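Notes to accompany the following structure.
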Amino acid sequence: MPGPPDRREQAQPAHTPPSQTPPPQARYDRGGLPGAALTLIHTGQAPTRSALTAALGVTRATAGAVTGELRDLGLIQVDTGTRAGTQGRPSHGLAIDPGGPVALAAQLHPDGFAVGLVGLGGRIVAETSRQVPAADDPARALAPLAAAGAALLAYSGRACVGAALAVPSAVSEPEGASVSPLYLGWPTGTKVRDVFSGLLADQLAEHGLGSALTCIAVNDVNAVALAEHRHGAGRGAGYLLVVAAEHRGVGGALVLRGTLYTGSGGLSMEAGHVSVDPNGRPCPCGNRGCLNVETDAERFMAAAGLVPAPDTAVLDQAIAAVSAGYATDPRVRAAVSTLVVPLGLGLAGLINVVNPDRVLLGGLHKHLLLAAPDQLREAVALRSPWGRGAGVPIHPCALDDGGLIGAAELAWQPVLDDPSLVARLAQGPPGKP
């Protein structure tokens, strides 16, 4: 059994994007008020009761009653308050209850995995990770994640609202199946949600925590996009495009007016398979010149003449090389330029089709942007009709653990919709009635 887990709080981004607070005239029916209020508090849009009152468009008495309900459910804390309200009066402060329930989030990538317990507000309260190549058999690959997750829950003693798994492949809906997992060696169509759910149920039972924990599977970059929209650099964006070069290949995601867009069957926004060079490098998908192989970590290492060490994730090595060598190593600068050109071409095409109001770059792409921001933005602008692409803000992702946080968001969503669901968790450990 693993030892005590690492415990920490997810750092908040230094950049604070515009508020998502609904206009004061917004109105909610009484049955939906607790969920609407919890969502506003969860996403940092209502730090005081006066701010919540304005956002919901209700009376102070109604806001007080709703926050009282959420407090009694163990979801938030209500400070008697010294903060100034909108009329200069002291207002009750609202904060997430630090001892409240958590979601269990797991993220698998070809080089290892991470598992965490995530509370409201996107706060990671416990996390463990391991670097180990993912097995070709889905059950063997996911078994360590289930074991680690159950151990974290057992150690924490927290009630759990649900579990979610982020994987580096498209995930079909509603089956929760991994489609064409190019970097995992799994059979396409593997029902990863069901596999992980079964493994987790067995591990929870071994710890005496019951077995009925609802599980969701999601593409890893979709999870990052949702986390950034609610808690990171995507706050306030109405049409958020996220593109990221993670451990292998490149992924994309789109959040439209607060909702993750996944298409008709969960397979949308495969940005990594946008071809930017028909004569380029072969992609595992069968095409050539995809962003997947022209702008990922392996391509960077090859362009820089660097040989990846076998004991460290290639992504980590590429990021370290960009961060440490861009200013001093001409090979690194040349490699960055080599990747920026096709990345700009791909982003311009996506911007022209999607028309986002903000673009976020994650993984290696984030560090390419940080190293050569003007070059990348110019590469996008040159390929956008009427220069429109130049006017779309392009920022780095802000969260270090966006995959875990975003997966947890999906596990939390039923409670955000109806906070009363959490009442049953107080009656026993996960899975016990």
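Keep in mind it's a predicted model, so treat the numbers as computed, not measured.
A donor-acceptor pair under 3.5 Å links the side-chain atoms of Arg158 to the main chain of Gly100, judged by distance alone. With hydrogens and angles disregarded, no donor-acceptor distance shorter than 3.5 Å links the side chain of Thr312 to the backbone of Ala309. Without hydrogens or angle criteria, Thr128 side chain to Ala114 main chain gives no donor-acceptor distance under 3.5 Å. Not one N or O on the side chain of Thr190 forms a donor-acceptor pair closer than 3.5 Å with the backbone of Val192. In this structure, Glu127 contributes its side chain and Val115 its backbone to no donor-acceptor pair below 3.5 Å. Although no hydrogens or angles enter the test, the distance criterion places a donor-acceptor pair under 3.5 Å between the side chain of Gln131 and the main chain of Asp311. Asn222 contributes no side-chain N or O that, together with a main-chain N or O of Val218, makes up a donor-acceptor pair within less than 3.5 Å. Asp357 contributes a side-chain N or O that, together with a main-chain N or O of Gly238, makes up a donor-acceptor pair within less than 3.5 Å. Side-chain atoms of Ser337 come within 3.5 Å of backbone atoms of Arg333 as a donor-acceptor pair (strictly under, hydrogens ignored). Under a 3.5 Å cut-off, the side chain of Trp186 and the backbone N or O of Val179 do not form any donor-acceptor pair.
Classification of Asp97 and Arg71 as a salt-bridged pair fails, no side-chain N sitting under 4.0 Å from a carboxylate O. A salt bridge between Arg248 and Glu298 is present, with a side-chain N of the basic residue lying under 4.0 Å from a carboxylate O of the acidic one.
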Verdict with supporting geometry, Phe300 and Thr338, side chain to side chain contact (heavy atoms under 4.5 Å, CB included):
CA-CA 8 Å; Phe300 171 82; Thr338 297; over 6 Å; no
Please report the C-alpha distance between Arg230 and Glu409 in whole Å, then the side-chain angles of each, then the deciding distance to 0.1 Å, and finally whether the salt bridge (Lys or Arg N to Asp or Glu O under 4.0 Å) criterion is met.
CA-CA 9 Å; Arg230 293 185 177 181; Glu409 289 296 311; 2.6 Å; yes
Test side chain to side chain contact (heavy atoms under 4.5 Å, CB included) on Val242 and Val221 and set out the steps.
CA-CA 8 Å; Val242 176; Val221 180; 4.3 Å; yes
Going through the checks in order, is the side chain to side chain contact (heavy atoms under 4.5 Å, CB included) test met by Glu173 and Thr262?
CA-CA 9 Å; Glu173 299 172 350; Thr262 56; 3.1 Å; yes
Verdict with reasoning, Thr295 to His365, per side-chain hydrogen bond (donor to acceptor under 3.5 Å, both in side chains):
CA-CA 8 Å; Thr295 67; His365 291 171; 3.0 Å; yes
Can Val322 and Leu364 be said to form a side chain to side chain contact (heavy atoms under 4.5 Å, CB included), step by step?
CA-CA 9 Å; Val322 174; Leu364 177 63; 4.2 Å; yes
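A 4.5 Å side-chain heavy-atom check between Leu410 and Leu226 finds at least one atom pair inside the cut-off. In this structure the side chain of Gln317 reaches within 4.5 angstrom of the side chain of Met301, judged on heavy atoms. Counting heavy atoms from C-beta on, the side chains of Leu360 and Leu241 never come closer than 4.5 Å. Proximity of Val422 to Pro101: side-chain heavy atoms (C-beta onward) are separated by under 4.5 Å at one or more points. Under the 4.5 Å side-chain criterion, counting only non-hydrogen atoms from C-beta, Cys160 is in contact with Leu213. Using a 4.5 Å heavy-atom cutoff, the side chains of Val167 and Asp220 are not in contact. In this structure, His273 and Asn292 have side chains that are in contact, with non-hydrogen atoms separated by less than 4.5 Å. When side chains are defined from C-beta on, Val125 does not count as touching Val118, because their heavy atoms never get closer than 4.5 Å.
Closest approach of Arg235 to Arg358, counting heavy atoms only: O-NH1, 2.8 Å. Residues Gly403 and Ala166 come closest through the heavy atom pair O-CB, 4.3 Å. The two atoms that bring Leu104 and Ala150 nearest to each other are CD1-N, 4.3 Å, heavy atoms only. When every heavy atom of Arg299 is checked against every heavy atom of Val293, the shortest pair comes out as CB-O, 3.3 Å. The two atoms that bring Val336 and Ala372 nearest to each other are CG1-CB, 4.0 Å, heavy atoms only. Contact detail for Leu70 and Leu38: the closest heavy-atom pair is CD1-N, 3.9 Å.
In this structure, CZ on Phe113 lies 8.5 Å from CG on Leu108, to the nearest 0.5 angstrom. Here the CZ-CD1 distance, from Arg123 to Ile96, works out to 6.0 Å after rounding to the nearest 0.5 Å. Here the straight-line distance linking atom CG of Asp296 with atom CG of Leu339 works out to 7.5 Å at 0.5 Å rounding. Residue Leu260 holds its CG atom at 10.0 Å from CG of Leu240, rounded to the nearest 0.5 Å. Annotation: the span from Leu94 atom CG to Arg49 atom CZ amounts to 8.0 Å, rounded to 0.5 Å. Going from atom CH2 of Trp412 over to atom CG of Leu75 covers 6.0 Å, rounded to the nearest 0.5 Å.
Remark: the Thr48 side chain and the His92 side chain contain no N/O donor-acceptor pair separated by less than 3.5 Å. The closest side-chain donor-acceptor pair between Ser178 and Ser169 falls under 3.5 angstrom. Side-chain contact check for Thr53 and Ser50: no donor-acceptor pair (N or O, by modelled atom type) lies under 3.5 Å.
Taking the six-membered ring where the residue is Trp, His247 and His109 present parallel rings, their angle staying beneath 30° rather than reaching 60°.
The neighbour count for Tyr183 OH, taken as heavy atoms of other residues, nucleotides or ligands under 6.0 Å away, is above 12.
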